[in-house]
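Every chain is numbered from 1, with letters handed out A, B, ... down the list of sequences.
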2 protein chains.
Amino acid sequence: MTFMTAARTSTPADRPRPGLRERKKIKTREAIRTATYELIEEQGYDATTIDQIAERAEVSPSTVFRYFPTKEDIVLTDEYDPLIMEELRARPAEEPWTESVRYVMRRAVQLGVDEDATVSRLRTRLMVEVPAVRSRMMESMSVTGRMLCQAVAERTGRDPDSLEVRVYAMSLIGGLMETSLYWAENGHREDLADLIDRTLDVLEHGLPRENP
Amino acid sequence: MTFMTAARTSTPADRPRPGLRERKKIKTREAIRTATYELIEEQGYDATTIDQIAERAEVSPSTVFRYFPTKEDIVLTDEYDPLIMEELRARPAEEPWTESVRYVMRRAVQLGVDEDATVSRLRTRLMVEVPAVRSRMMESMSVTGRMLCQAVAERTGRDPDSLEVRVYAMSLIGGLMETSLYWAENGHREDLADLIDRTLDVLEHGLPRENP
DNA sequence: CTCGATTTTGAGAGTTACTTTCATTTCATG
DNA sequence: CATGAAATGAAAGTAACTCTCAAAATCGAG
């Protein structure tokens, strides 16, 4: 769900003490990411090289690649999928599936925007403007899609690998993806939660009768 | 619609005489493509370099890039979208929209498989196996999506840029994409036309009641 | 056919993302 | 503190893609 949420930037108060090594690792990761965001804001995505990122983050270029396999990943790495999955599982079993989806998606959006609206917008903007970023994001869609398959299967007792479940999941993801593109293309003016609602309406009931 | 059809390989008998220059260009294009297919069959996608392709196609590396902007494009360049668009427009206006889609998609698949089943399968296989190819293919999805928006808008008198139309188009594309992935992952055993039918059923009516 | 304009091609050098290897440093643990 | 494991940096290498410019092929008109 990279396409609608900010990345989780810190480990609030998870486990007791992750050890110095772990903490340093997280710090480095964050340093690289914020350096990248800054540089992109300053000079744009393409003009920003890995070397510049490394320099500003005060690590070596090789370290950058050790943390992120590709440049796009620095912007896009997503740690929310598991959260969404959890929330989806936590919904009451009697709740209609479409309701659960609606609830969880709205919540995911809210989380992302709350945490850091600037990053959220930068990301979706890059998604519209930089083909490589968009590609990478779509790539992550399939992963989210598989996860959704799993969730649908658990909830409704279907085979997660069946064509039907997979098609359902993918069309959902595709639709939501288009929603965030739409949001960004229109300058983030409209309320994303509303857009999500309208999107789910289309997916559930098809196109509405009229469109003035 | 790259993801389900082969590329149009020749200009059957279009216009009277395109001139030597044009004909040579088409030939070069084809040479590059078949060289690429061969090399990939022999050694796999990643192991195949542009230089090798250039050598076998008997052109210079720069020429390869002049014809195709990226390596993935050599495999994936799609010339079917306009055809699909045409066919969609040619359907009678009274026909329900979903019927038109069903008819045209099945036809597109048939065309692709008829023309060259081997290439059709190689493509979908690469789509499953090579991330870069899958990305590039997804990238082309958005283009096809915009086109579909246009078609939906024309047929039903809606705004092609409205959220609803865009979401509808994208979920359709996403679903079909997943269908070809499914087809390839299962070794191309099932009949693609049947899969398409089941896909459209899901998109039109949601997940079926039960799934034994 | 020939000449000049236009287009296509090739050669080569350059940029940059990404990989790989290996020695060095840094941290955890007994 | 000593020993082992993990993180880091330096450096060289690969391959996709870009750019430039000169040579060659094609076309159109006289």
Side-chain angles (χ1 to χ4, degrees), chain A residues 11 15-33 35-37 39-40 42-77 126 130-137 139, chain B residues 15-33 35-36 39-40 42-77 126 130-137 139:
Chain A
T11 321
R15 299 304 122 98
R17 203 19 82 102
L20 177 57
R21 221 167 230 167
E22 290 306 310
R23 274 175 286 153
K24 209 167 192 180
K25 235 153 92 167
I26 294 177
K27 245 189 186 162
T28 314
R29 202 181 170 78
E30 264 330 290
I32 295 175
R33 236 204 291 259
T36 308
Y37 285 148
L39 285 165
I40 290 181
E42 289 170 23
Q43 0 164 316
Y45 182 85
D46 285 331
T48 303
T49 75
I50 299 282
D51 285 351
Q52 292 176 333
I53 295 173
E55 196 186 338
R56 182 163 308 194
E58 296 186 301
V59 294
S60 79
S62 18
T63 301
V64 174
F65 284 114
R66 213 169 268 122
Y67 279 84
F68 301 95
T70 76
K71 189 171 152 190
E72 297 92 66
D73 278 290
I74 306 178
V75 182
L76 289 179
T77 312
L126 288 177
V130 184
V133 172
R134 188 170 45 243
S135 288
R136 186 63 195 70
M137 165 148 307
E139 187 61 16
Chain B
R15 297 303 122 95
R17 211 5 94 96
L20 178 56
R21 220 166 233 169
E22 290 306 310
R23 274 175 287 154
K24 211 168 193 178
K25 236 154 88 169
I26 293 176
K27 246 190 186 159
T28 313
R29 201 179 171 79
E30 264 330 289
I32 295 175
R33 237 205 290 260
T36 307
L39 285 166
I40 289 181
E42 289 170 22
Q43 4 163 312
Y45 181 86
D46 285 331
T48 302
T49 75
I50 299 282
D51 285 350
Q52 293 174 333
I53 294 173
E55 196 186 337
R56 185 166 305 195
E58 296 186 301
V59 293
S60 79
S62 18
T63 302
V64 174
F65 284 113
R66 215 169 266 122
Y67 279 84
F68 300 94
T70 77
K71 190 172 151 189
E72 300 90 64
D73 278 291
I74 306 178
V75 182
L76 289 179
T77 313
L126 288 178
V130 184
V133 171
R134 189 171 46 243
S135 286
R136 186 63 194 70
M137 166 148 306
E139 187 62 15

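In this structure, B:R136 atom CZ and D:dA16 atom P are separated by 16 Å, rounded to whole Å. Straight-line distance from the CD atom of A:E55 to the P atom of D:dT8: 18 Å, rounded to whole Å. C:dT6 atom P lies 17 Å from atom CD of B:E22, rounded to whole Å. Atom pair B:K27:NZ and D:dT26:C1' shows a separation of 15 Å (rounding to whole Å applied). Between A:K25 atom NZ and D:dT8 atom P the separation is 8 Å, expressed in whole Å.
Applying the salt bridge (charged side-chain N to carboxylate O under 4.0 Å, His left out) rule to A:R66 yields no partners; only residues at least two apart in sequence or on another chain are considered. For B:S135, the side-chain hydrogen bond (donor to acceptor under 3.5 Å, both in side chains) partners are A:E139, not counting sequence neighbours. For A:S62, the side-chain hydrogen bond (donor to acceptor under 3.5 Å, both in side chains) partners two or more places apart in sequence, or in a different chain, are A:S60. A:F65 is linked by a side chain to side chain contact (heavy atoms under 4.5 Å, CB included) to A:I50, counting only residues two or more places apart in sequence or in another chain. The side chain to side chain contact (heavy atoms under 4.5 Å, CB included) search around A:Q52 returns A:L39, A:Q43, A:T48, A:T49, not counting sequence neighbours.
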Treat primed atoms plus P, OP1 and OP2 as sugar-phosphate and everything else as base, then score nucleotides 10-22 of chain C 5' to 3': B for base contact with protein heavy atoms under 4.0 Å, S for sugar-phosphate contact only, - for none.
-> BB-----SBB---
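In this structure, B:K24 does not reach the C:dT8 phosphate: none of its side-chain N or O atoms is under 4.0 Å from OP1 or OP2. Contact annotation: B:Y67 reaches the phosphate of C:dT9 (side-chain N/O to OP1 or OP2, under 4.0 Å).
The pair B:E22-B:K27 does not count as a salt bridge, with every side-chain nitrogen at least 4.0 angstrom from each carboxylate oxygen.
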